Amino acid sequence: MQYWLFKAEPDVFGIEHLAAQPKKTGRWDGIRNYQARNFLRDQVAKGDAVFIYHSHCKQPGVVGIAEVVKAAYPDPTQFDPQSPYFDSKATPDLPRWVAVDIKLTSQFKQVIPLSLIKQQTVLENMVLLKQARLSIQPVSEQEWQAILQLADN
DNA sequence: GCCAACGTTGGC
DNA sequence: GCCAACGTTGGC
């Protein structure tokens with residue numbers, strides 16, 4: 001089993017939206033970056049554990065944990081002209097982008113803020129800190145445990 | 001809202 | 001294939 005961090009903008013689709021889905025399970029779609037896509041398509045597997053991270057908001061940080069319940073499949077939004085994620089170069093025969101389904105398993109009482117993560121020596125090599133703009137990224141087991149210890153519950 | 005970092009596009 | 005122009009991300 002592998003660990004991941006998925007970024008979300010809470011104004012668009014954040015942990016609150018996921019929590020409001022039936023069975024707290026929803027589609028993680030709209031990923032339009034090749035490096036993130038490759039992780040999602042080739043490595044993210046059913047049963048993997050995911051930190052949900054809120055970016056572009058007042059208090060950026062890790063807000064909860066989800067589990068991958070369905071591995072990569074073609075992201076339907078790429079075929080939908082009404083969707084902001086529509087891609088005219090993608091076809092059902094040659095899909096370009098993928099989505100996964102995740103189920104919310106834990107919502108932290110308090111955000112684990114980026115500012116706190118930055119203070120941890122064990123976390124200084126996190127992809128989150130090294131490569132700021134990657135929206136799907138691997139997390140090592142050591143990093144996973146260190147962040148869990150920062151959770152207030 | 002600003003701006004640095006970095007990804008993508010397209011002319012040549 | 002290079003690289004300038006442009007667009008997006010995301011912390012602050």
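All chains are named by letter (A, B, ...) in the order of the sequence lines, taking the proteins before the strands, and each is independently numbered beginning at 1. Predicted model only: the values in this text are computed from it and were never measured.
Under the 4.5 Å side-chain criterion, counting only non-hydrogen atoms from C-beta, A:Gln78 is not in contact with A:Ser83.
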Pairwise N/O distances under 3.5 Å, protein to nucleotides 10-12 of chain C:
residue, atom, partner, partner atom, Å
C:dG10, OP1, A:Lys7, NZ, 2.9
C:dG10, OP1, A:Arg133, O, 3.4
C:dG10, N7, A:His56, NE2, 2.5
C:dG11, OP1, A:Tyr53, OH, 2.7
C:dG11, OP2, A:His56, N, 3.1
C:dC12, OP1, A:Lys118, NZ, 2.5

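Separating the CG atom of A:Leu129 from the P atom of B:dA5 is a distance of 16 Å, rounded to the nearest angstrom. Taking atom CD on A:Gln131 and atom C1' on B:dG7, their separation rounds to 11 Å, with Å as the unit. The distance between atom CD1 of A:Ile31 and atom P of B:dT8, rounded to the nearest whole Å, is 13 Å. A straight line from CD of A:Gln137 to P of B:dG7 spans 13 Å, rounded to a whole angstrom.
If A:Gln35 and A:Lys89 are placed on DNA chain B by their nearest nucleotide, the residue sitting closer to the 5' end is A:Gln35.
Ion pairing of A:Asp29 with A:Arg27 is present here, as a side-chain N (NZ or NE/NH1/NH2) and a carboxylate O approach within less than 4.0 Å.
Among A:Trp97, A:Trp4, A:Tyr73, A:Phe6, the one residue that satisfies the ring-ring contact (aromatic ring centres under 6.0 Å, His included) test with A:Trp28 is A:Phe6.
No side-chain donor-acceptor contact under 3.5 Å links A:Arg37 to the backbone of A:Ile31. With A:Asp48 contributing its side chain and A:Ala45 its backbone, the two residues share a donor-acceptor pair below 3.5 Å. Proximity of a side-chain donor or acceptor of A:Thr25 to a complementary backbone N or O of A:Lys23 within less than 3.5 Å is detected.
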